[in-house]
Amino acid sequence: RFNIYRLATMPKYEGFDFWKITLKGARYIVAPMVDQSELAWRLLSRRHGAQLCYTPMLHAQVFVRDANYRKENLYHEVNAEDRPLVVQFCANNPEVFVQASLLAQDYCDAIDLNLGCPQMIAKRGHYGAFLQEEWDLLLKMISEAHEKISVPITCKIRVFPEINKTVKYAKMLEKAGCQLLTVHGRTKEQKGPLTGVANWEHIKAVRKSVNIPVFANGNIQYLSDVERCFQETDVQGVMSAEGNLHNPALFEGKKPPVWEITEEYLEIVKQHRCPLSFVRAHLFKLWHHTLQIHHELREELAKVKSLEAIAEVNKRLKRKCQKEEDRENSLPFPHWICQPYVRPGPKEVTSENGDQQTDRKTCGKRALEEEEGNSEFLSKNKQKKKARNPKKNFDTSVKPKYVKCEQCGNPKGTKCIFNLCRGCCKKKAFKELADCAGHGLLFRTKHEKRLEWKLIEDGILENGDKIESHLD
Ligand SMILES: Cc1cc2nc3c(=O)[nH]c(=O)nc-3n(C[C@H](O)[C@H](O)[C@H](O)COP(=O)(O)O)c2cc1C
């Protein structure tokens, strides 16, 4: 059993010593991935060559506030095989970042600050890449955490369009106390269908200008890309997200059949449970190319509700593919071999069945374009709705704007008698002992009923008498 207390006494190494000693000179790294870099996946990846893993991004504020969140996302995932491990947080407040890091420091080898998430959710929550311009705040967050936390603080960033600014940014983070920098060679705007290729020139320039280890991220689909990246950028490590999801044996330079890796993954999940939605999402990625051929398996995978049922679908997939293997073993790149998925350009994105949509995730759930209702790039759910109702318009610019609650600005209930949202209406109706039929809130009616019943019981009121005179 892993002894968490051992870590508390471990020295806190910095910079290159931290990378060499604590991280054991890790060169092959699995990226932080919301809903996808869970313990079971990390263990699978480690068995196939990954030398360092990151947890999915955790919300520092929720981590501090919610003991269950801490247990589910970290404390119950502690595993001796799962080291070295970096815990990643999103945060925008020094105090909260320090508090969260204090609560996580005994369960990991470093704490990473997410400065790369480009999604709308990060824009709204004011974290990730949307802190890219807030250097004073970042300086404070990182320096305070560096001072108070017993493990090193690292950062994962996106680049600016200008190399000079990217280098200045990296140096600022280093000065603040960041002990290792992961540079994702794409800008904040390169996401969803605009993802495009990562720029290794920026990464190379950062690597040259800082005196802390640098990991490169972006454009890694095969082991040959990893090697080329080392040569071209001279970084200490290379991190993969989507490449790893499509082929967890990427760092081993192997391309196993998808059913084989699925069997192995399901065995690990049996021991280290995770939500079925994570498993399903993994298999949609792993099986991506096979599902283009065997559409019926897509339906089956979408419907099954247990690990055992998923294992059965995998067996069917195996049988189908093995039959093809016998017939078509001359194919250079059969669909059942773990292989990368090449992102389509903006024009190719809206395929008829919407398959490619799922692969446009870059960090978290939905790409910005979807959230902002850009009708050219509909989410899967919206595509289903559109199939049912082709006339429905998803373009938010022509949608009527909702009417705001007079108190909080959230959408108001359309039939609310106070012109409020449900939450505000409930508070007001409770306080004023009023009814709002629009929200189905009947505080006054219920009060009257209770009173009537009590008055009858006390013999003050006869059954059928009016109670108005007794009110208030
Ligand atoms: C499903 C998914 C979830 C992700 N979640 C995170 C996250 O939690 N934190 C983060 O810093 N980046 C996240 N990313 C971004 C990746 O870590 C990585 O920076 C990005 O995908 C580029 O690397 P790649 O070209 O190897 O995919 C996520 C990416 C994917 C595909």
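Just so you know, ligand 1 is whichever comes first in the structure, and atom 1 is the first atom listed for that ligand. Along the sequence shown, residues carry numbers from 1.
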Within 4.0 Å of some non-hydrogen atom of Gln88, the atoms of ligand 1 are 7 (C), 8 (O), 9 (N), 10 (C), 11 (O)

Listed partners of His48 passing side-chain hydrogen bond (donor to acceptor under 3.5 Å, both in side chains), at least two apart: Glu252, Glu264

Lys/Arg-Asp/Glu bridge criterion (N-O < 4.0 Å) met for Glu296, Arg316: no

Decide whether an N or O pair under 3.5 Å exists between Met239 and ligand 1. no

Is there a donor-acceptor pair under 3.5 Å between the side chain of Gln51 and the backbone N or O of Tyr28? yes

Below 4.0 Å from any atom of ligand 1, is there a heavy atom belonging to Ser240? yes

When every non-hydrogen atom of Ser37 is compared with those of Arg42, the smallest separation belongs to O-NH1, 2.8 Å

Ligand 1 to Ala241 polar contact by distance, N or O atoms, under 3.5 Å: yes

N/O separation below 3.5 Å, Gln36 to ligand 1: no

Cationic N near anionic O, under 4.0 Å, Lys171 to Glu174: no

Sub-4.0 Å heavy-atom approach of Ile220 to ligand 1: no

Kindly write out the residues that satisfy ring-ring contact (aromatic ring centres under 6.0 Å, His included) with Tyr75, not counting sequence neighbours, or none if the list is empty. Tyr107

Under a heavy-atom criterion of less than 4.0 Å, does Thr182 contact ligand 1? no

Which bit of Asn114 gets closer than 4.0 Å to ligand 1, counting heavy atoms only: side chain, backbone, both or neither? side chain

Hey, does Gly218 sit under 4.0 Å from ligand 1 if you only count heavy atoms? yes

Ring centroid separation for His335 and His288, is it under 6.0 angstrom? no

Any N or O of Lys156 closer than 3.5 Å to N or O of ligand 1: yes

Any idea which of Asp112, Asn217, Asn244 brings a heavy atom closest to atom 19 (O) of ligand 1? Asn217

Note: heavy atom closest to atom 25 (O) of ligand 1, options Arg186, His282, Glu242, belongs to Arg186

Would you say the side-chain atoms of Lys71 pair up with the backbone N or O of Asp66, donor to acceptor, closer than 3.5 Å? no

